[in-house]
Structure formats: C-alpha cells, structure tokens
Protein chains: 2
Amino acid sequence: MIQLQHIQRDYVMGDQILHALQDVSLDINDGEYISIMGASGSGKSTLLNVIGLLDRPTAGQYFIDNQEVTSLDDTQLANIRSTYIGFVFQFFHLVPRLTAAENVELPLMLAGVPQAERKQRVAEVLKTLEISNRAHHKPQELSGGQRQRVAIARATIMRPRVILADEPTGNLDHRSGGEVIALLESLQQKGISLIVVTHDPEIGQRATRHITMLDGKIIKDELESAG
Amino acid sequence: MIQLQHIQRDYVMGDQILHALQDVSLDINDGEYISIMGASGSGKSTLLNVIGLLDRPTAGQYFIDNQEVTSLDDTQLANIRSTYIGFVFQFFHLVPRLTAAENVELPLMLAGVPQAERKQRVAEVLKTLEISNRAHHKPQELSGGQRQRVAIARATIMRPRVILADEPTGNLDHRSGGEVIALLESLQQKGISLIVVTHDPEIGQRATRHITMLDGKIIKDELESAG
Ligand SMILES: Nc1ncnc2c1ncn2[C@@H]1O[C@H](COP(=O)(O)OP(=O)(O)OP(=O)(O)O)[C@@H](O)[C@H]1O
Ligand SMILES: Nc1ncnc2c1ncn2[C@@H]1O[C@H](COP(=O)(O)OP(=O)(O)OP(=O)(O)O)[C@@H](O)[C@H]1O
Ligand SMILES: [Mg+2]
Ligand SMILES: [Mg+2]
C-alpha cells in the first residue's frame, strides 16, 4: 500500500521556481493497474521518480505500508527500492560496459540469486521479449527498441512489489509494444502493482485506473467503470 | 537528388556477422516526403545514419547530386552534412553543458550567422515548439519530450536540404507530436526533403511515399495513390 500526501516537488533555478509537482495526493493499493497520461512536461516522470524513491519531494509525506519514507537516508531508500520497486526508465539507463544479458542479470546478482537460476531467468525473459539473439551485445550495439526491452527485462526480473514503467513502448513498433504490455500485465495479474506512464491512449486505456496530469497536478483520477 | 545503390551495412561481432542493411537501393528526389516504418531492429536507424552520412556502408554506392560520397574522407562528409542534412536523433544527442537555446543556436554559430539573426531564429523555433520557457535549462533539467523538441529545433533551424527524423514524436503527447509534424511538414512544403522514421502509423501515413523495412531489407516502397 503506497500513500502520497500533499507531495510537492520544486526545482529552483536562480530566482525562478518551477513547481514540477503541486499538492499531489495518491493512494495505490496492492495489485492496482494505473496509467498516467498528460502533456509533455506535466510532471509524469517526476511523479514516477518520487514514487520510485529516486527523488525526494520538497514537501509532503510518502508512506509505504504505513512507514513514512521521506525521512529515510539514501542507504535505507536503496534497500527498499531493491526489493520493492522495479523501474523502467524513460531513457533506460543501461550499464554501457555490460551486455544485454549482464544488464538484466545485475539485480539478481545483487540479490545473491545462485548462478544457475540467474542464467535460466535471464534467458527466459529475453526470450519473452524476443531479444535472445542480442543477449551478448552492449547497449550501443542495440537498436532503440532493443535497449528499451533490455530495460524492461531488468526491471521485471526481480518480481518487485511495484513496477513503474515510464513510457515503456515509446521506441517500439506496435507488435513489440504489445508483447511488452502483455508481459507487464501478466506480472500485474500475479499481484504486482503496475503504474504505466504513456503517451499512447491505446495503452493508457488498458489500465483499470486512469490518472491525467497537467502542470504538476493530478487533474483526473478515475476508476474505469466495470464491463 | 539522393541515390543509394545496393547498400550493405554489416556489423561483425567475433565470428558472427549481422546484416543490418542488405542490398538497399533507394532514390530520393528533392522535396519528397517519405515515411519509414518497420519492426524494432529492422534497420531503420541504420538506414537513416547511412543517408545522413553518419555511417559508412560496408558495400554499395551513395550519390548526392551525382557525387559519390562513400569514398570521401570524414572532413568532406562533415562539410556536406553541415549544409545539406538536418538530423533528429532517436536519442537526441544534445550537448549536456549547453542550455536548450545554446544547443539550438549551435549550428547557426558554426555557420557564422550574425548574433542578432541567431537570437531571433532561435526564439522563433522555440516558440513554435512551445519550449520558450525552458530555453535556459540544460538537457538534464528537461523532460523527455522537451529534450526531443530541442533536438528537432536544432535539426531544422539551418533550413537543410534534407531533414532526417528518427522517431521524432516517440516521447511526445498527441498534441505536441502534432505540432512537431506540422513544423516538419511546413518545411517540406518549402522544398526540403523529409524522411521520418516512425512507429506511429498515424504519422507514417501522412507521408506521400511509404517504405517498410524488415530484417535489414526494404520490403515495401510505395507512393500513396493520389486523392
Ligand atoms: N554498433 C552495432 N553493433 C552491432 N549491431 C548493431 C549495432 N548497431 C545496431 N546494431 C543492430 O543492427 C540492427 C538494426 O538496428 P537499428 O538501430 O537500425 O534498428 P531500428 O529499426 O532503428 O530499431 P528500433 O525501431 O528499435 O529503433 C539491430 O538488430 C541492432 O541490434
Ligand atoms: N532537474 C530539473 N531541473 C529543473 N527543471 C526540471 C528538472 N527535471 C525536470 N524539470 C522540469 O519539470 C517539469 C516536469 O518534468 P517531467 O520530466 O516530470 O515531465 P513529463 O511529464 O515526464 O514530460 P515528458 O512527457 O516530456 O516526458 C518539466 O517542465 C521539466 O522541464
Ligand atoms: Mg517523462
Ligand atoms: Mg531505431
């Protein structure tokens, strides 16, 4: 259970302040499937970074399972992140010196998963995302959409409690995008909370709860009517 | 007039060869409007990089206005690129230490355009793309779609003969994406050749000529029927 209360995130630039998030409040129950849409610059990535413990709010409170987290130090945040959250970044943030397979394997190694199991799980997700034949290539040797799929594989391989996906199909053709959404939804069906930022209405409307942002605020937060 | 003849682009990895472009032939007349679509990994960015003189083919010939260019050295290629080609990269390649306005201004400075004219032209294109209020921010202080628009502004400000746009709306909401396409099409209406790689069929079908790629080959190259 995630609770954001009156979250504010300001960026101070000289004598100007930009209110990237303004009074954002949001409860996310376990296993929910939420889409976040809104204009470029409206605060979607900023909100996802706050939820993902990658960015501290300027003001407001953030509870994960009733524990307030904004006052934790960086090491404590990193610990919660590593087990709780899987993040697909808008621009991937892959490790340049590691191959695709090594990038995907990294969270499992950090968690101490034995080698045989790591290899098998990596092979499995690369196959699902149709990039097995690129496994031993580094990010700069991959196409845009191949890098995006490596980022998705890495974020999902640990079975986190929450998956935050920032525009996960932006560099993919329609069919590959469909495979990605199918993978994310299959994980959500097993109880993982899924939050997808997207500019694609076709993807946005698949979620059961729709959030729209504008100028740092949530202007719409609706459950889809049943049926 | 651009002519690609039997272009091949291989990547050699140890004892494996990947044929990223296989026997690609293509004539592009001045002022054409072409879309290139195809699966992730099919060779679209590679083809655009070859057309844009950023990558040399492994084999084949490439004529620009009847001059064969594959045998030119890097300096000669850079000279042709700077006047002839505007490139919107799939991942932008903005200069991190420069602000948005400085990134856009850079080609004009390199071309020796006087300061007053540079400032006016930069202000104009930033206004068209609705990022005037982000002009003095560096790329890491911009959202994904804002960075994308800076890349588009930079590529178009020199009025090149050819604009190559690699997925120019991938990080943009529907409305901002429409503004980008409107800008690119207004330039094409003035005689600039426009080649857009896209995964968005709504954008792809706006071109007058549709190319589809698969596994490094052009499998379809059709002029839209009139009316
Ligand atoms: N430097 C490289 N070394 C080895 N292989 C490469 C390199 N760059 C690209 N490739 C491979 O060449 C193929 C074509 O890549 P390209 O980037 O042209 O695809 P694309 O059609 O633009 O895909 P996307 O829609 O995902 O952007 C891919 O399989 C890719 O992995
Ligand atoms: N480090 C920073 N410093 C200053 N301003 C920033 C910084 N990071 C983001 N911003 C600004 O905060 C606002 C929200 O950015 P954010 O990345 O959350 O937008 P977004 O909704 O994800 O947009 P897009 O759809 O283009 O990815 C933007 O106006 C952006 O320029
Ligand atoms: Mg974003
Ligand atoms: Mg590409």
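A note on names: the letters A, B, ... follow the listed sequences, proteins ahead of strands, and every chain is numbered from 1. It should be emphasised that the depicted structure is a prediction, and the values quoted were computed from it without experimental measurement.
Residues His174(B) and His199(A) have side chains not in contact (no heavy-atom distance under 4.5 Å, counting atoms from C-beta outward). Inter-residue side-chain proximity for Gln146(B) and Ser40(A) is flagged as met; some heavy-atom pair is nearer than 4.5 Å. Residues Glu167(A) and Asn171(B) meet the side-chain proximity criterion, which asks for heavy atoms closer than 4.5 Å.
Only the side chain of Leu18(B) has a heavy atom closer than 4.5 Å to any heavy atom of chain A. At a 4.5 Å heavy-atom cutoff, the contact between His137(B) and chain A is made by side-chain atoms alone. For a residue to count as touching a neighbouring chain, one of its non-hydrogen atoms must lie under 4.5 Å from one of that chain's; by this rule Gln148(A) does not touch chain B. If you measure heavy-atom distances from Ser45(A) to chain B, you find no contacts under 4.5 Å at all.
Counting non-hydrogen atoms of neighbouring residues, nucleotides and ligands closer than 6.0 angstrom, the CD atom of Gln140(B) exceeds 12 such neighbours. Surrounding CZ of Arg206(A) are at most 12 heavy atoms belonging to other residues, nucleotides or ligands under 6.0 Å away. Around atom CZ of Arg81(B), more than 12 heavy atoms belonging to other residues, nucleotides or ligands sit under 6.0 Å away.
Within residues 86-105 of chain A, the residues approaching chain B closer than 4.5 Å by heavy atoms are, in numerical order, Gln90(A), Phe91(A), Phe92(A).
Contacts with chain B were tallied for Gly41(A), Ser176(A), Gly38(A); Gly41(A) has the most, counting heavy-atom pairs under 4.5 Å. Interface remark: of the candidates Thr198(B), Asp173(B), Leu142(B), Asp173(B) forms the most heavy-atom pairs closer than 4.5 Å to chain A. Counting heavy-atom pairs under 4.5 Å between each of Gly177(A), Ser42(A), Gly170(A), Ala20(A) and chain B puts Gly170(A) at the top.
Distance check: Asn133(A) CG to Gln16(B) CD gives 9.0 Å after rounding to the nearest 0.5 Å.
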